[in-house]
There are 2 protein chains.
Amino acid sequence: MSKLRSAPTLDDVARKAGVSTATVSRCLNAPDRVVEATRKRVMSAVDTLGYTPNFAARVMAAKRSFTIGAIIPTMENAIFARGLQAFQEELHQRGYTLLVSSSAYRPEVEEEQIRTLVARGADGLLLIGHDRDPKIYDYLERQKVPAMVAWSYIPNARAPSIGFDNRQAMQALADRVIGLGHTRIAMISGFSQGNDRARLRIEGVRDALRRGGLQPDALTVVETSYEVESGADAFAQLMSQNPRTTAILCGNDVLAAGALRQAQNMGMRVPENVSITGFDDIELAQIVSPALTTVHVPHREMGGKAALELVEMVEKSIPGSTIRLQTDIVERHSLGPANKS
Amino acid sequence: MSKLRSAPTLDDVARKAGVSTATVSRCLNAPDRVVEATRKRVMSAVDTLGYTPNFAARVMAAKRSFTIGAIIPTMENAIFARGLQAFQEELHQRGYTLLVSSSAYRPEVEEEQIRTLVARGADGLLLIGHDRDPKIYDYLERQKVPAMVAWSYIPNARAPSIGFDNRQAMQALADRVIGLGHTRIAMISGFSQGNDRARLRIEGVRDALRRGGLQPDALTVVETSYEVESGADAFAQLMSQNPRTTAILCGNDVLAAGALRQAQNMGMRVPENVSITGFDDIELAQIVSPALTTVHVPHREMGGKAALELVEMVEKSIPGSTIRLQTDIVERHSLGPANKS
DNA sequence: TGCTACTTTGTAAGCGCTTACATTGAAAAT
DNA sequence: ATTTTCAATGTAAGCGCTTACAAAGTAGCA
């Protein structure tokens with residue numbers, strides 16, 4: 001009783017309950033493989049000792065961690081929050097723990113995080129978007145860690161994905177903008193380098209321009225970081241470049257919120273003087289005023305299905321399927337008809 | 001060469017480089033304890049094998065994980081985002097990895113997460129606020145895992161904290177509101193049960209009322225969840241209860257944003273008809289219009305200092321000190337003088 | 001009663017690392 | 001030339017768990 005007390009181990013519990021360590025282990029992991037009386041005795045020993053199993057030891061011995069890793073580009077804004085929340089809830093249901101880290105949109109950081117998560121024994125990984133160095137996929141394959149991509153839908157890519165067609169979704173929105181008579185259109189996008197979602201959304205706008213009989217190459221695109229501030233700056237820049245622009249499509253709601261604020265600061269009315277659209281339909285889209293016309297993404301559905309699919313991949317060692325989700329345009333008040341200037 | 005290739009281990013590297021496992025381990029963890037030539041040989045073996053150390057094994061052997069855990073109440077909105085970002089950056093600098101999980105403001109969930117993080121070998125923990133079952137602090141002490149509290153400042157509590165005086169900060173803001181002639185004041189707060197920050201902010205308003213010669217008990221407080229929607233609902237409820245209310249103080253910016261939206265939906269002008277204030281000064285406060293008058297919290301400073309302090313506690317096994325940060329009122333446009341109705 | 005077929009529990013071999021301690025050999029000191 | 005000192009490396013004992021396999025006990029059945 002006088003020895004320095006450190007955290008109790010399985011051994012301590014076993015001794016206290018008068019059974020072997022194997023039995024204690026079974027009580028914890030497969031209770032029905034142990035008879036009621038013994039189990040009770042063990043559990044009470046666990047309680048009085050305040051025993052918590054050592055995770056590292058468990059992972060090592062079992063070569064399973066019941067942990068899924070997710071690497072998202074940013075936590076600074078809520079773009080991935082809701083989807084991740086659903087992902088995590090679904091995982092929790094199935095007995096898995098989620099480990100999240102953010103890469104700040106930096107590929108090197110993402111790569112490092114992937115290695116860290118794998119080294120930590122993650123049973124599977126959730127990644128955002130497909131664009132990344134192929135050797136990362138090689139690595140994952142070698143390590144036999146299944147990975148699933150979300151927020152993107154590209155069939156036959158290196159990893160299965162669950163998401164939506166970014167290009168088509170943005171095209172639909174741009175069609176609508178053009179349908180309202182806008183011809184002098186500009187775009188504020190996130191950096192498209194290494195970001196298939198951003199890249200495809202730009203393409204989507206070009207598609208719509210083409211379909212609408214407009215010159216796709218004439219589209220001015222400012223690429224910037226996904227921050228409110230950047231959206232504001234980009235808007236100012238675009239407007240000084242071409243003051244006659246009547247519609248600005250933004251790569252996501254955060255950029256749109258920034259653009260909107262800047263428009264108001266510059267004394268412009270939205271949508272009377274200029275229309276602004278977003279993408280994602282995060283909470284922010286409804287908070288700003290006028291509320292943003294944007295593309296609604298089924299965040300929770302995406303997160304939930306990604307979890308299901310990934311757990312399947314992990315538990316049954318199957319390849320995992322690629323699923324396409326629907327998006328739709330939600331019309332609010334930041335997009336209006338083009339006014340003849 | 002034909003055997004099933006699984007992830008390479010330290011042993012494989014050692015064999016390939018023709019040294020002992022101890023040497024390989026030293027190359028990785030204390031490169032200067034190994035002579036240049038050997039190190040090079042080892043490193044190249046590491047490279048060609050694509051070796052990644054097994055984290056669980058390392059934690060087990062070293063009884064250190066270089067991992068810090070943080071449990072925040074929510075990731076759904078950006079309240080903790082910026083502070084956490086700074087926390088993580090500072091940790092990274094010092095060679096630590098951050099593991100984040102969210103408790104959804106549920107004490108049982110928080111407790112479970114704490115156990116999980118400890119079992120995972122976290123070297124230290126960051127917790128939000130002081131209010132929690134004392135037995136959790138006992139547990140942490142028994143497990144010898146240092147913990148630091150942030151977003152709160154309470155000297156001589158069970159854990160050291162780095163934060164601000166929620167009560168005083170809110171009082172200062174309420175003073176200002178009262179100074180503008182408001183007498184029919186209401187408050188929208190987060191649930192105060194188990195949340196010292198919410199509780200103290202309410203007290204702060206009462207203090208100000210008292211100091212201003214008003215009846216502190218007459219303050220109507222609606223407690224709700226920290227969501228935009230809830231803020232909106234609470235606003236509607238408050239206004240139907242007492243339509244003559246001229247100022248509504250909100251427990252944070254998210255609630256304020258909801259209240260603001262609802263006010264506008266109800267056709268009221270802010271701040272002409274009703275004043276609304278926030279707390280935290282997250283990005284959102286500047287995005288809504290009118291921009292919120294709110295209490296600015298030094299998020300990044302708090303996160304950074306918390307990291308420094310916690311790392312000290314972990315590495316030097318010292319108790320850790322409690323630090324108080326300053327907050328200040330940022331006047332924007334949602335608070336105006338009371339109008340005589 | 002003797003045998004088979006289970007069910008319940010125990011034994012012990014790792015899992016992949018770190019690190020205290022032992023060993024070696026060469027430079028520095030005498 | 002001999003001893004001391006120290007830097008570089010190796011040896012091997014765990015860290016706390018899981019699980020294949022073995023052992024023991026219990027029940028069913030002819």
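In what follows, every heavy atom counts, from backbone to side chain, and hydrogens, waters and symmetry copies are set aside. Below, read A as the first sequence line, B as the second, and so on, with proteins coming before strands; counting in each chain starts at 1. A quick note: this is a predicted structure, and the numbers were derived from the prediction, not measured.
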Whether each nucleotide of nucleotides 4-12 of chain D has a protein heavy atom under 4.0 Å at its base (B), only at its sugar-phosphate (S) or at neither (-) is summarised, 5' to 3', as ----SBBBB

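D:dC17 atom C1' lies 11 Å from atom CG of A:L28, rounded to whole Å. Summarising the geometry, the separation between CG on A:L10 and P on C:dG14 is reported as 19 Å, rounded to the nearest angstrom. Between the CG atom of A:D12 and the P atom of D:dC15 there is a distance of 11 Å, given to the nearest Å. Atom CZ of A:R120 is separated from atom P of C:dG16 by 18 Å (rounded to the nearest Å).
Here the closest heavy-atom approach between residue B:A159 and residue B:V149 is recorded as CB-CG2, 3.9 Å. A:S152 approaches A:G129 most closely through the heavy-atom pair CB-CA, 4.0 Å. Here the closest heavy-atom approach between residue A:T67 and residue A:Y96 is recorded as N-CD2, 3.9 Å.
Between B:Y226 and B:Y105, the gap from one ring centroid to the other is short of 6.0 Å.
One end of the helix from C:dT1-D:dA30 to C:dT30-D:dA1 points its axis 40° away from the other end's axis, with each axis taken from 5 pairs and the angle rounded to 10°.
The stretch residues 48-68 of chain A comes close to DNA chain C through A:M60, A:A61, A:K63, each having a heavy atom under 4.0 Å from the strand.
Between the side chain of A:T322 and the main chain of A:S161, a donor-acceptor pair closer than 3.5 Å is present. Within the 3.5 Å criterion, the main-chain N or O of B:K305 finds no donor-acceptor partner in the side chain of B:E90.
With rounding to the nearest 0.5 angstrom, the CD1 atom of A:I79 is 12.5 Å from the CG atom of A:L84.
For B:R15 and B:D12, the salt-bridge test passes: some basic side-chain N is under 4.0 Å from an acidic carboxylate O.
Ring geometry for B:W151 versus B:H299: interplanar angle of 30 to 60°, hence tilted.
Among the atoms of the strands shown, base atoms are found under 4.0 Å from some heavy atom of A:S25.
Looking at B:E89 and B:Q85, their side chains do bring a donor and an acceptor atom within 3.5 Å of each other. Checking A:S65 against A:D123 by side-chain atom types alone, a donor-acceptor pair falls below 3.5 Å.
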